[in-house]
Amino acid sequence: MAANNQSIENTQNYQQRRFRFDWILGVILVLALFLYGWQIWKAGSANAFYTAAIKSMTESFHNFWYGSFDPAGYITVDKPPVALWFMAISAKIFGVHGWSVVLPSVLFGVGSVYLMYRLVQPYFGKNAARLSALALTLTPIVVADSRTNNMDATLVFFLMLALYFLEKSIGSRKIWSLLISFGLIGIAFNVKMLQAFMILPAMYLFYWLAANETWKKKITKLTFATVSLLIFTLAYPISVDMTPASSRPYVGGSETNSLLELAFGYNGSERLLGQTTGTGGTFGAGMNSKTQNKKGGGMPGGGKAPTGMKQNGKTGTSPGGKQMKGQPNGGGKGGPGKMGNGGGGGGAFNIGTAGPFRLFQSALGPEVSWLLPFALFGLIGGLVFFRDRRKRWFRLSTQQKQLILWTSWLIPVYGFFSIASFFHPYYMIMLAPPIAALFGTGVTALVGLFKNNLRTSWKFYLLPAAIIATAALQSWYVYSYYPWLTWIILIAAIGFSIGLAILPRGKAFQALLVGGILSIMAAPAWWSLTPTIAAESAMIPTAGPSLLTSSSSGMPGGGGGGMGNDSVNTKLLNYLEKNQGNAKYLFATSDSTTAAPYIIKTGEAVMAMGGFNGTDPAITLSQFKKLVKNGDLKYFYYSGKSGNTKIINWIKKHATKVKTSLYQSSSSAGSQAGMGGPGMTSPTKSTKSRVPTAKTSNGKAPAGKGRPNGKSGSKPSMGSKSKMKPNKTTSKTPSKSTRKSSQGGSMQGPGGMGSSGVLYDLSSIYK
């Protein structure tokens with residue numbers, strides 16, 4: 001009994017020491033706050049697709065609850081609204097500004113850094129926790145994602161919070177912590193759907209290995225935890241799907257007006273297999289490099305590039321350095337890192353070639369993989385160093401179980417992105433926490449093995465090998481921008497490693513170790529700093545020196561200033577507001593990217609008839625006619641983008657074209673080419689800029705297949721798809737993902753607002 005009391009007292013004393021604030025952690029948190037938050041007041045429209053929704057969500061609770069894209073509650077964004085709820089609350093408190101919609105992501109990013117420390121420190125000590133927190137802070141894509149109003153920083157925070165409560169449930173043996181842990185994964189599902197489930201295998205495996213309970217208790221508790229997971233996962237989607245369609249917005253991105261279908265279709269299986277909904281063509285298809293170069297001209301899935309993607313008459317490059325038709329021209333100096341649109345990473349279109357080494361390739365690696373080699377060496381060293389030699393080899397120590405937790409997060413995510421066909425490079429933030437944790441714990445383990453073994457042991461060489469291997473990969477990443485830095489990184493890493501082997505003890509060892517760690521932290525630190533310097537807050541966030549080659553007016557979504565003002569044709573807006581009358585909608589258009597800047601600026605209802613890229617079957621021709629006949633809708637702006645073919649053809653046949661002199665001017669046509677989408681700004685004149693020069697449309701619909709027509713307020717009709725007349729400037733309609741990707745590069749698809757689009761007066765039809 002006395003022994004038990006002493007044990008409890010020791011545990012309490014340990015917990016008190018553990019909760020004492022670490023001032024070095026404080027410095028790291030301040031660094032994170034600076035990197036994620038500095039200059040967010042220049043966020044412009046950030047991701048205008050979501051910013052428009054946030055503006056609409058502040059108008060009514062109905063819009064808030066469903067995540068409505070427009071103030072009229074016509075259609076939602078193509079994700080659940082939980083992350084947007086936090087942003088809408090911020091916007092409601094501070095007003096809708098670039099910084100206010102980005103602020104929650106900044107705070108969630110800093111919170112993730114703190115949670116990283118709290119997850120690592122109790123088992124591996126302060127130094128390992130500090131290094132892990134620092135590594136997460138300085139992961140380039142973490143910085144870029146935390147500076148936007150995308151959902152990814154929010155998602156990672158909830159995943160790490162779930163791990164925190166999982167650890168707590170094992171220590172306390174209380175089921176409530178376990179229920180909260182799995183419930184948080186359910187909430188994370190409603191942030192970004194099935195992406196949240198990627199860490200579930202790690203959680204189940206870790207609890208089974210780490211919980212000091214009988215197997216019957218484990219099964220019982222995990223069963224209840226799974227019930228908690230299902231409740232928090234399905235409660236919101238089922239409530240939406242069971243609500244009559246006439247009483248809620250159409251679920252954007254879905255084919256059947258169902259949030260569950262969206263989760264398991266467009267945001268589920270299609271992420272792995274490639275996008276097939278929306279335009280009739282598959283996005284991705286494994287990203288085979290031969291298909292890209294020979295058949296697809298460099299576009300994912302073998303499709304041809306949309307118009308308006310050339311920059312300065314040049315084409316972009318593939319991961320291997322080959323030119324790719326239609327890709328933005330790389331801003332690097334050549335070499336393996338020469339990549340399109342966005343700096344350091346592969347840009348919105350380029351996700352590398354599917355295979356086991358995809359995450360090391362120059363398309364994705366510079367976003368997240370800088371410390372991955374060291375993390376892998378650290379994992380091997382950790383499993384060896386933290387082994388309890390008093391037990392048999394299959395009896396895992398506490399630290400080994402922790403390593404298995406992080407490895408079980410890393411492996412499924414790494415495997416998925418190695419073969420998946422439909423994702424953006426900024427999704428790589430999912431790999432940042434396990435890499436950071438394995439790096440920090442790996443330093444502790446490799447240093448321990450280095451000190452405890454002689455030169456004759458292979459364990460002695462793991463530390464210098466980890467430093468050199470990591471430096472080799474980093475030198476390849478930086479070569480296209482700074483060839484001179486390649487040699488500095490290699491020479492420093494090799495020099496410090498040799499010094500460690502010669503002087504493996506004493507103060508000299510400590511200095512050499514610090515030098516070796518700094519030699520592999522410098523390059524990712526610089527890459528992480530670039531979004532902050534460039535004030536980037538883009539729809540497709542990325543990091544890298546190419547962000548610095550563009551002027552502030554040419555950055556994708558950053559450095560902008562006014563909330564969407566630079567994307568609005570003022571003359572057109574004035575005309576519409578003057579003639580709107582009692583109409584419910586200011587105007588209608590095919591897609592959300594054209595509508596978003598006008599919702600942000602005015603707060604008026606703008607109908608994005610077919611959702612993000614215009615192809616959602618959200619409304620039928622008869623329903624559209626009814627809106628026109630009732631006077632709810634007086635104007636339709638045809639931007640040249642794909643949409644509901646039947647409705648567009650009906651408008652062209654019966655509506656009256658408004659004289660272009662009434663809503664366009666020569667200056668607006670020139671200045672607005674390149675506008676009209678989320679985060680879009682005018683192209684910079686710099687030849688190094690990765691922001692492509694936009695092309696205007698001839699006013700005809702691009703080729704491709706429209707989505708089947710459906711009913712708003714009921715299940716859409718799944719009739720046959722109708723073809724649209726081909727556009728001379730483009731041979732194939734980009735997929736939803738492709739068009740969505742293009743926005744992050746400040747690109748304009750066919751005919752944006754203020755370019756050569758056509759405004760139709762619908763009120764004359766039923767006169």
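A distance of 16.0 Å separates CD1 in I380 from CZ in F385, rounded to the nearest 0.5 Å. Between the CG atom in L431 and the OG atom in S369 there is a gap of 7.0 Å [rounded to 0.5 Å]. Once rounded to the nearest 0.5 Å, the distance linking OH of Y36 with CG of L29 reads 9.5 Å. Here the OH atom belonging to Y426 is positioned 13.5 Å from the CG atom belonging to L364, to the nearest 0.5 angstrom. Here the straight-line distance linking atom CE of M203 with atom CZ of F197 works out to 10.5 Å at 0.5 Å rounding. A distance of 7.0 Å separates CG in L449 from NZ in K459, rounded to the nearest 0.5 Å.
Nearest heavy-atom pair across L138 and A525 is CD1-CB, 4.0 Å. Shown here for S146 and A153, the closest heavy-atom pair between the two residues is OG-CB, 3.9 Å. Considering every non-hydrogen atom in both A471 and A493, the closest pair reads CB-CB, 3.3 Å. Contact record, Y481 with P545: CD2-CB, 3.8 Å, taken as the closest heavy-atom pair. Summarising the geometry of A375 relative to I435, their closest heavy-atom pair is CB-O, 3.8 Å, with the distance given to 0.1 Å. Between E536 and T542 the shortest heavy-atom distance is OE1-O, 2.6 Å.
In this structure the side chain of L163 reaches within 4.5 angstrom of the side chain of W409, judged on heavy atoms. By the 4.5 Å heavy-atom criterion applied to side chains, Y427 and F416 are not counted as neighbours. Residues L159 and P433 are not in side-chain contact: their nearest non-hydrogen atoms beyond the backbone lie 4.5 Å or more apart. Here the side chains of L463 and F374 are in contact, with some heavy-atom distance below 4.5 Å. Inter-residue side-chain proximity for R130 and L25 is flagged as unmet; no heavy-atom pair is nearer than 4.5 Å. Under the 4.5 Å side-chain criterion, counting only non-hydrogen atoms from C-beta, K401 is not in contact with Y123. Contact of the L438 side chain with the L372 side chain is not registered, since no non-hydrogen atoms from C-beta on lie closer than 4.5 Å. Under the 4.5 Å side-chain criterion, counting only non-hydrogen atoms from C-beta, P425 is not in contact with I141.
Salt-bridge annotation for D152 and K192: present, with a side-chain N of the basic residue lying under 4.0 Å from a carboxylate O of the acidic one.
For the pair Q121 (side chain) and R118 (backbone), a donor-acceptor distance under 3.5 Å is absent. Distance alone, capped at 3.5 Å, is enough to place a donor-acceptor pair between the R358 side chain and the A420 backbone. A donor-acceptor pair under 3.5 Å is formed between the side chain of Q400 and the backbone N or O of L383. Without hydrogens or angle criteria, Q361 side chain to T353 main chain gives a donor-acceptor distance under 3.5 Å. Side-chain atoms of Y117 do not come within 3.5 Å of backbone N or O of S132 as any donor-acceptor pair. The backbone N or O of A83 lies less than 3.5 Å from no partner atom in the side chain of T154, so there is not a single donor-acceptor pair. T486 places a side-chain N or O within donor-acceptor distance of the main-chain N or O of S475, the cut-off being under 3.5 Å. The main-chain N or O of R147 is never found under 3.5 Å from a side-chain atom of S105 such that the two would form a donor-acceptor pair. Checked by atom type and distance alone, the side chain of T530 pairs as donor or acceptor with a backbone atom of W527 at under 3.5 Å. Of the possible polar contacts, one joining the R455 side chain to the A501 backbone as a donor-acceptor pair under 3.5 Å is found.
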Is there a side-chain contact (heavy atoms from CB on, under 4.5 Å) between L119 and M160 once you walk through the steps?
CA-CA 9 Å; L119 287 167; M160 296 188 68; 4.0 Å; yes
Checking ring pair (Phe, Tyr, Trp, His ring centres under 6.0 Å) for the pair F450/Y461: CA distance, chi angles, key distance, verdict?
CA-CA 7 Å; F450 188 83; Y461 297 99; 8.2 Å; no
Does the side-chain contact (heavy atoms from CB on, under 4.5 Å) test come out yes or no for L115 and L161, once each step is laid out?
CA-CA 7 Å; L115 286 173; L161 189 61; 4.1 Å; yes
What verdict does the side-chain contact (heavy atoms from CB on, under 4.5 Å) test give for T148 and V102, after you've listed the backbone C-alpha separation in whole Å, the side-chain angles of each residue and the deciding distance to 0.1 Å?
CA-CA 5 Å; T148 74; V102 171; 5.5 Å; no
Please assess F496 against I467 for the test side-chain contact (heavy atoms from CB on, under 4.5 Å), listing each intermediate value before the final yes or no.
CA-CA 9 Å; F496 285 121; I467 294 174; 5.8 Å; no
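Taking the six-membered ring where the residue is Trp, F357 and F360 present tilted rings, their angle falling between 30° and 60°. The aromatic rings of Y477 and W370 stand perpendicular to each other, their planes meeting at an angle above 60°, with 30° marking the opposite boundary. Aromatic ring orientation, W38 versus W41: perpendicular (interplanar angle above 60°, classes split at 30° and 60°). Note: F158 and F108 have tilted aromatic rings, judged against thresholds of 30 and 60 degrees for the angle between ring planes.
For the residue pair N47 / N150, a side-chain donor-acceptor distance below 3.5 Å is found, with atom types taken as modelled. Checked by atom type, the side-chain pair K42/Q39 shows a donor-acceptor distance below 3.5 Å.
By the ring-ring contact (aromatic ring centres under 6.0 Å, His included) test, Y414 is found to be paired with no residue, residues two or more places apart in sequence or in another chain being considered.
When the options I404, L410, L405 are evaluated for a side chain to side chain contact (heavy atoms under 4.5 Å, CB included) with S408, the one that passes is I404. When each of I517, I24, L31, T139 is tested with L134 by the rule side chain to side chain contact (heavy atoms under 4.5 Å, CB included), just one qualifies, namely L31.
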